[in-house]
Novice: 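Just passing along the structure, written as structure tokens.
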Amino acid sequence: MFSKDASASSSSSLNRPRSIAFQLILLFTLAAALLLACGLGVFYSIVVRHAFAEDNAVLADKMFALSADLRENGPEVFGEEVTAHRAGQHTPYWIRILDSQGRAVAQTPEMDRLIPTQIFPVAREPAEAIRTRKDYRTAGKLFALVSFNEHPGDQTYTLQVAQDRSSDKQVERNFALLFVAVLLGGIVASALIAVIVTRRGLRPRREMTGSLGRIGPDQSKERIGSPGWPREMQPLAIAFD
């Protein structure tokens, strides 16, 4: 008995007429959500790419400034400037200078603990180093690492520079959350607009249904044909008449 009732209920649900209004609302909402997601996705990609391009440009300027400082003041004065940062002080750049034997001449305090020497990419000339930049995450921070050679006098030194990009990563994360919020809000707004537009668009159908309901056996000569019906409903009105 139960199986018969269940099968009958399932059959009735499958045979239930589909709602045109629901299909229109669903299709309109899906189309609007797809377009909104594509637009926001392209905008998000452009913003992120632009932010990273700016970071790379700033990092390149910093590299050339450090190179000029090293050539002008020499490794001793330059090393004093590097170690002048107070321990624990936030700095956007962590700098280490290595001699030709790979020994650290000077470095930002606590840099050896946070970013070891071997983490950096292979040292190159300054013009090429930015293209071999390496991203490194540690202690909840994001760093962009570059390593390049300099030749003050007749000696060769390697400069390792770590650019702190943690704040940019947080901005990117916040922008992603805003992207999701705008997308969800856009979907809800699209669904509401779809409901309003669908109800307004199907109003003539309800009016025609009311007109047909008022026609009984005593009004066999009644006509519903009217130039006021939408063009899509004119054939139905003419066929009924």
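In this text, all values refer to a predicted model and were calculated from it rather than measured experimentally.
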Novice: How far does CG of Leu34 sit from CD1 of Ile187, to the nearest 0.5 angstrom?
Specialist: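 With rounding to 0.5 Å, CG (Leu34) is 10.0 Å from CD1 (Ile187).
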
Novice: Output the distance between atom CD1 (Ile115) and atom CD1 (Ile95), rounded to the nearest 0.5 Å.
Specialist: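 Result: 11.0 Å between the selected atoms.
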
Novice: With rounding to the nearest 0.5 angstrom, report the CG to OG distance, Asp55 to Ser167.
Specialist: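 Spacing of CG (Asp55) from OG (Ser167) equals 8.0 Å.
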
Novice: Any link between Phe148 and Tyr157 through a network of hydrophobic side chains (Ile, Leu, Val, Met, Phe, Trp, Tyr) touching at under 4.5 Å?
Specialist: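 Same cluster.
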
Novice: For a quick test of reading the model, state the closest non-hydrogen atom pair linking Gln160 to Met111 and the distance between them.
Specialist: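 Gln160 and Met111 have their closest heavy atoms at O-CE, 3.9 Å.
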
Novice: Grouping I, L, V, M, F, W and Y whenever their side-chain heavy atoms are under 4.5 Å apart, do Val182 and Leu184 come out in a common cluster?
Specialist: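 In one cluster with Val182: Leu184, yes.
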
Novice: Taking all heavy atoms of Phe52 and all of Arg165, pick out the closest pair and write down the distance.
Specialist: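 Scanning both residues completely, I find the closest heavy atoms to be CD2-NH1, 3.3 Å.
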
Novice: Using modelled atom types and a 3.5 Å cut-off, is there a donor and acceptor pairing between side-chain atoms of Ser45 and backbone atoms of Gly41?
Specialist: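 Between the backbone of Gly41 and the side chain of Ser45 there is no qualifying donor-acceptor contact (under 3.5 Å).
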
Novice: Indicate yes or no for a side-chain donor-acceptor contact from Thr83 to the backbone of Glu80 under 3.5 Å, with no hydrogens or angles considered.
Specialist: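 Yes, Thr83 side chain to Glu80 backbone: donor-acceptor pair under 3.5 Å.
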
Novice: Throw together a table of side-chain donor-acceptor distances under 3.5 angstrom for residues 58-73, partners on residues two or more places apart or in other chains.
Specialist:
{"unit_1": "Ser67", "atom_1": "OG", "unit_2": "Met63", "atom_2": "O", "d": "3.0"}
{"unit_1": "Ser67", "atom_1": "OG", "unit_2": "Glu150", "atom_2": "OE2", "d": "3.0"}
{"unit_1": "Asp69", "atom_1": "OD1", "unit_2": "Asn73", "atom_2": "ND2", "d": "2.2"}
{"unit_1": "Arg71", "atom_1": "NH1", "unit_2": "Glu150", "atom_2": "OE1", "d": "3.2"}
{"unit_1": "Arg71", "atom_1": "NH1", "unit_2": "Glu150", "atom_2": "OE2", "d": "3.4"}

Novice: Determine whether more than 12 heavy atoms belonging to other residues, nucleotides or ligands lie under 6.0 Å from atom CZ of Arg49.
Specialist: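 It does not: Arg49 CZ has 12 such atoms or fewer within range.
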
Novice: I'd like to check the side-chain contact (heavy atoms from CB on, under 4.5 Å) partners of Glu54; sequence neighbours left out, ordered by chain and number.
Specialist: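 Here the qualifying residues are His50.
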
Novice: Is there a side-chain contact between Phe78 and Leu159 (heavy atoms, below 4.5 Å)?
Specialist: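 Yes; the side chains approach each other to less than 4.5 Å.
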
Novice: Please round to the nearest 0.5 Å and tell me the distance separating atom CG of Leu35 and atom CG of Leu40.
Specialist: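 It is 11.0 Å, given to the nearest 0.5 Å.
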
Novice: Linking I/L/V/M/F/W/Y whenever their side-chain heavy atoms sit closer than 4.5 Å, directly or via other members, would Tyr136 and Leu142 fall into one cluster?
Specialist: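 Not linked; separate clusters.
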
Novice: Can you measure from CZ (Phe143) to CD (Gln163) and round to the nearest 0.5 angstrom?
Specialist: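 Reported value, rounded in 0.5 Å steps: 10.5 Å.
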
Novice: With Ala194, which residues qualify under side-chain contact (heavy atoms from CB on, under 4.5 Å), at least two apart?
Specialist: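 By the side-chain contact (heavy atoms from CB on, under 4.5 Å) rule, Ala194 matches Ile25, Phe28, Thr29.
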
Novice: Run the salt bridge (Lys or Arg N to Asp or Glu O under 4.0 Å) test on Asp135 and Arg133 for me, step by step, so that the C-alpha distance in whole Å, both residues' side-chain angles and the decisive distance to 0.1 Å come before the verdict.
Specialist: CA-CA 7 Å; Asp135 291 334; Arg133 174 187 59 82; 2.5 Å; yes

Novice: Excluding sequence neighbours, so at least two apart, what forms ring-ring contact (aromatic ring centres under 6.0 Å, His included) with Tyr44?
Specialist: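 Phe175.
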
Novice: Is the shortest side-chain heavy-atom distance between Asn149 and Glu125 below 4.5 Å?
Specialist: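 Touching, per the 4.5 Å side-chain cut-off.
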
Novice: To the nearest 0.5 Å, what is the distance between CG (Leu183) and CG (Leu36)?
Specialist: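 The CG atom of Leu183 sits 5.5 Å away from the CG atom of Leu36.
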
Novice: Is it possible for you to say whether Leu98 and Val82 belong to one hydrophobic cluster, with membership spreading through side-chain heavy-atom contacts below 4.5 Å?
Specialist: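 In one cluster: no.
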
Novice: Side chain of Thr156, backbone of His151: donor and acceptor closer than 3.5 Å?
Specialist: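 No, the answer is negative, given that no donor and acceptor are paired below the 3.5 Å cut-off.
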
Novice: Output side-chain donor-acceptor pairs under 3.5 Å for residues 116-124, partner residues at least two apart or in another chain, one line each.
Specialist:
none

Novice: Under a single-linkage definition using a 4.5 Å side-chain heavy-atom cutoff for Ile, Leu, Val, Met, Phe, Trp and Tyr, are Val188 and Val197 assigned to the same hydrophobic cluster?
Specialist: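 No, it is not one cluster - the side chains of Val188 and Val197 are not joined through contacts under 4.5 Å.
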
Novice: Could you tell me if the side chain of Thr132 sits less than 4.5 Å from the side chain of Val146, heavy atoms only?
Specialist: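 Answer no - side chains too far apart.
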
Novice: Ser190 and Ala32: which non-hydrogen atoms are nearest, and at how many Å?
Specialist: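 Result for this residue pair: OG-CB, 3.2 Å.
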
Novice: Please enumerate all residues that pass salt bridge (charged side-chain N to carboxylate O under 4.0 Å, His left out) together with Asp99, with sequence neighbours excluded.
Specialist: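 For Asp99, the residues satisfying salt bridge (charged side-chain N to carboxylate O under 4.0 Å, His left out) (neighbours in sequence not counted) are Arg103.
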
